[in-house]
Amino acid sequence: MINHFSVLGIKPNANEDDVKKAYKRLSNRFHPDKLLGASDDEKVHAEAQLQRVRNAYEVLSNPKLKRDFVKNFSNVIVTDPAAAMRELWDQFYSIN
């Protein structure tokens, strides 16, 4: 399960303004218009990151979705730590 708070780089007790600021900062950082001199691999990685940022913002900016996410995230039990680490690794260092 993706931790939307860590995607945006904010604490779980962040208010709506903090969520919006983090989203704007990260969406500007990964936006295709800001990557003029980037390689194709960098652009693909930035596109994936931008999608993760958008998804996190969509959840955390909606009070009902945020409440459900916090409830579900608090109840997650990791049954296979190695698989969880591979998933995290792939999120940040994916080849495709």
Side-chain angles (χ1 to χ4, degrees):
M1 174 177 242
I2 295 174
N3 183 345
H4 296 304
F5 294 109
S6 67
V7 169
L8 293 181
I10 56 176
K11 295 182 181 182
N13 62 351
N15 62 32
E16 291 177 31
D17 193 43
D18 294 334
V19 172
K20 185 180 268 187
K21 286 179 185 177
Y23 170 72
K24 285 183 178 183
R25 177 179 46 84
L26 291 171
S27 63
N28 280 331
R29 178 178 172 193
F30 295 117
H31 196 276
D33 292 344
K34 304 286 184 178
L35 304 171
L36 298 177
S39 70
D40 288 341
D41 288 340
E42 291 171 329
K43 289 179 181 179
V44 168
H45 177 71
E47 184 179 325
Q49 289 295 99
L50 182 59
Q51 187 59 44
R52 291 182 68 226
V53 168
R54 286 179 179 155
N55 290 341
Y57 179 72
E58 181 179 314
V59 170
L60 298 180
S61 65
N62 181 318
K64 183 187 179 320
L65 293 177
K66 181 179 180 180
R67 186 174 47 255
D68 292 345
F69 168 73
V70 170
K71 178 183 173 193
N72 292 335
F73 195 76
S74 298
N75 293 327
V76 171
I77 297 174
V78 178
T79 57
D80 185 359
M85 290 307 296
R86 277 192 302 277
E87 180 182 347
L88 286 172
W89 181 267
D90 291 344
Q91 287 174 4
F92 290 101
Y93 301 105
S94 65
I95 295 174
N96 13 344

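- Between the S6 side chain and the G9 main chain, no donor and acceptor come within less than 3.5 Å of each other.
- Side-chain atoms of Q49 and R52, non-hydrogen and from C-beta on, do get closer than 4.5 Å to each other.
- Closest approach of D18 and I10 over heavy atoms only: O-CG2, 4.1 Å.
- The structure places OH of Y57 at 7.5 Å from NZ of K24, a figure rounded to the nearest 0.5 Å.
- The shortest heavy-atom contact between S61 and V19 is N-CG1, 4.4 Å.
- Counting heavy-atom neighbours within 6.0 Å of K66 NZ, excluding the residue itself, gives a total above 12.
- Under the 4.5 Å side-chain heavy-atom criterion for Ile, Leu, Val, Met, Phe, Trp and Tyr, L35 and Y23 are members of distinct hydrophobic clusters.
- In the displayed structure, D40 atom CG is contacted under 6.0 Å by at most 12 heavy atoms of other residues, nucleotides or ligands.
- Of all the heavy atoms in V7 and L26, the pair that sits closest is O-CD1, 3.4 Å.
- At distances below 3.5 Å, not a single donor-acceptor pair connects side-chain atoms of Q51 with backbone N or O atoms of A48.
- Counting non-hydrogen atoms of neighbouring residues, nucleotides and ligands closer than 6.0 angstrom, the CZ atom of R29 reaches no more than 12 such neighbours.
- With values rounded to the nearest 0.5 angstrom, F30 atom CZ is found 12.5 Å from E47 atom CD.
- With rounding to the nearest 0.5 angstrom, the CG atom of N28 is 10.0 Å from the CG atom of D33.
- In this structure, I2 and H4 have side chains that are in contact, with non-hydrogen atoms separated by less than 4.5 Å.
- Between S27 and V53, the closest heavy-atom pair is N-CG1, 4.3 Å.
- Across all non-hydrogen atoms, the minimal contact from L8 to A22 is O-CB, 3.4 Å.
- No donor-acceptor distance shorter than 3.5 angstrom exists from the side chain of N62 to the backbone of E58, with no hydrogens or angles considered.
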